Enquirer: 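Here it is, the structure in full.
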Amino acid sequence: MGAPVQGAVGGPAAGRTGSTPEGGTPTRRGTELWLLGFAALIVTSALVLVEANQEQTLTFRIVWYGLAYLALFGVAHVAVRKFAPYADPLILPCVALLNGLGLVVIYRIDLALSERALRAGREFNNDVPKQILWTAVALALLLAVLVVIKDHRTLTKYYYTFGVAGLVLLALPALLPGIIAPTINGAKIWLRIGPFSIQPGEFSKVLLLVFFAAFLVSKRDLFMSAGRRVLGVDLPRARDLGPVLFAWAMSLGVLVFQKDLGTSLLFYGTILVMLYVATERGVWVGIGVSLFVGGALVAYQLFTHVQQRVANWLDPLATYDDAGGGYQIAQALFGLGTGGVGGTGLGAGRPDLVPLANTDFIVAAIGEELGFIGLASLLLIYTVLALRGMRSALAVRDTFGKLLGGGLSFLLIMQVFVVVGGVTKLIPMTGITAPFLSYGGSSLLANYILVALLLRISDAARRPQSGSRPRPVPQAPIAEAHTVMVERPT
């Protein structure tokens with residue numbers, strides 16, 4: 001055997017932290033396994049602290065929860081090792097830690113609510129077993145995506161189909177009658193199918209992201225054309241504003257008809273960022289922000305639910321006792337103030353006093369019991385996850401992969417900003433859930449699809465180029481586009 005090539009990616013020393021196949025590039029799956037073990041240790045210790053502080057004893061339930069957690073992410077690690085061996089080794093451990101901390105907080109709130117129900121003589125069904133079941137289904141969906149989509153570029157063959165499906169899912173709750181699409185907590189974003197409820201907008205975000213990534217690659221020349229120059233800025237031509245106006249109309253439609261500020265802001269903001277990444281022209285962002293602000297001002301004048309959200313944001317204590325008023329956000333702020341810098345300790349606070357503490361306001365529960373330090377650490381985990389996704393997007397060789405990976409990563413971090421901003425009164429309350437943390441199946445399933453696509457893109461970015469070309473996967477012409485996305489107008 002010859003000596004290893006010193007110029008290869010990773011080099012001989014890099015192979016010490018993960019298995020190294022014949023190509024010479026380490027897969028880093030060993031690193032991933034160690035980090036998953038560290039995440040499991042943190043989650044198990046947190047469960048023990050919650051039980052010790054709440055019940056003053058340890059029960060068999062935490063053993064079952066801990067083993068279920070280990071089994072689920074052990075299977076996920078094996079799946080990634082087999083179907084995406086070169087994927088980034090930090091993505092899955094970050095997701096596992098976030099998901100595990102979510103289970104801990106949901107379990108902690110379950111204990112408080114069950115004690116309250118016992119005192120009132122009512123029955124209470126714990127949410128943690130259901131969340132573990134949803135996690136199992138989500139990881140199975142992640143595995144299915146990795147098995148079916150062997151090359152992310154094949155998605156470009158169906159991008160119009162994804163676009164239509166995303167629009168249908170986004171608009172469905174607004175079009176169906178209340179018996180199927182009820183209004184819950186002031187928003188009409190759910191579909192009720194028998195005993196189950198699903199939020200189709202969660203899936204539409206990923207589908208529309210795939211569509212816009214492929215569309216921007218195929219029509220990038222349209223967005224690079226400059227119109228008149230005003231005050232030193234090259235404005236786009238009027239006929240090229242169609243996609244931005246379409247995204248603007250869709251986001252306002254969600255805001256008006258579904259009363260869902262969070263999805264509206266998330267969807268529109270992500271599209272604008274992808275447009276900027278594809279063209280590097282800030283004028284598109286300026287036009288988009290101006291349109292959104294103008295539309296939001298008009299919506300504020302016309303619709304009472306928008307006025308109520310703004311009033312709760314400006315002074316939640318003034319609307320504290322009103323129906324749909326500032327009680328929830330005020331309680332969350334009280335909890336964050338009680339937590340202070342170091343927190344009250346897991347299981348030693350009162351996050352159950354905040355309505356929907358295990359879904360929309362789970363960040364407030366974490367801020368109360370883990371304090372500013374714990375909440376900042378949580379945000380750092382999200383930041384690392386998004387940065388690893390963006391790093392993979394920069395490293396992948398095709399333009400579609402760059403835009404899709406960047407869009408998915410920004411969608412994740414934008415969702416965290418909207419959630420934390422609403423809970424801390426930085427922006428009006430939005431009512432969306434924290435990725436991987438909050439209780440609920442729709443968000444969990446959609447975000448694991450997002451993670452599967454990031455794993456697939458990072459696998460393509462880190463996979464070494466072998467000397468002998470493998471059989472090419474049939475792709476749409478758009479997937480063969482060159483990687484130069486930015487062409488400044490002359």
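Source: prediction; values computed, not measured. For the numbers below, each heavy atom of this structure counts, side chains included, while hydrogens, waters and symmetry mates do not.
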Enquirer: What is the distance from atom CG of L378 to atom CD1 of I366, rounded to the nearest 0.5 Å?
Expert: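 Answer for the CG-CD1 pair, L378 versus I366, is 5.0 Å.
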Enquirer: Hey, is D110 close enough to R108 for a salt bridge, meaning N to O under 4.0 Å?
Expert: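 Not counted as a salt bridge, because no side-chain N and carboxylate O are separated by less than 4.0 Å.
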Enquirer: Verify the neighbour count for atom OH of Y158: are there more than 12 heavy atoms of other residues, nucleotides or ligands below 6.0 Å?
Expert: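 No - once you tally the heavy atoms of other residues, nucleotides and ligands closer than 6.0 Å, there are 12 at most.
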Enquirer: Check whether any side-chain N or O of S458 sits under 3.5 Å from a backbone N or O of D88 as a donor-acceptor pair, and report yes or no.
Expert: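 Side chain of S458 to backbone of D88: a pair is present.
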Enquirer: Once salt bridge (charged side-chain N to carboxylate O under 4.0 Å, His left out) is applied, do any residues pair with D127, and if so which ones, sequence neighbours excluded?
Expert: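 Listed in chain order: K130.
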Enquirer: Examine distances only and state if a side-chain atom of Q54 and a backbone atom of G347 form a donor-acceptor pair shorter than 3.5 Å.
Expert: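 Yes, because the side chain of Q54 sits within donor-acceptor range (under 3.5 Å) of the backbone of G347.
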Enquirer: Which word best sums up how the rings of F292 and Y268 line up, parallel for under 30°, tilted for 30 to 60°, or perpendicular for over 60°?
Expert: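 Correct class here is parallel.
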Enquirer: For the ring pair Y69 and F73, is the centre-to-centre distance below 6.0 Å?
Expert: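 Ring centroids of Y69 and F73 are less than 6.0 Å from each other.
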Enquirer: So, does Y439 use its side chain to make a donor-acceptor pair with the main chain of I362 at under 3.5 Å?
Expert: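 Side chain of Y439 to backbone of I362, a donor-acceptor pair under 3.5 Å: no, none is there.
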Enquirer: Measure from the side-chain N and O atoms of Q131 to the backbone N and O of G440, and report whether any donor-acceptor pair falls under 3.5 Å.
Expert: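 Between the backbone of G440 and the side chain of Q131 there is a qualifying donor-acceptor contact (under 3.5 Å).
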Enquirer: List the steps, then state whether ring pair (Phe, Tyr, Trp, His ring centres under 6.0 Å) holds for Y448 with F436.
Expert: CA-CA 8 Å; Y448 269 100; F436 310 108; 5.4 Å; yes
Enquirer: Taking Y382 for its side chain and P435 for its backbone only, find out whether a donor-acceptor pair lies under 3.5 Å.
Expert: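 It does hold such a pair.
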Enquirer: Please check if any side-chain donor atom of D398 sits under 3.5 Å from a side-chain acceptor atom of H152, or the reverse.
Expert: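 Checked: D398/H152 side chains pair up, N/O donor to acceptor below 3.5 Å.
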Enquirer: Sub-3.5 Å donor-acceptor pair from the side chain of E368 to the main-chain atoms of T344, do we have one?
Expert: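 Between the backbone of T344 and the side chain of E368 there is no qualifying donor-acceptor contact (under 3.5 Å).
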Enquirer: Would you check if the side chain of Q328 reaches a backbone N or O of P355 as a donor-acceptor pair within less than 3.5 Å?
Expert: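 Yes, because the side chain of Q328 sits within donor-acceptor range (under 3.5 Å) of the backbone of P355.
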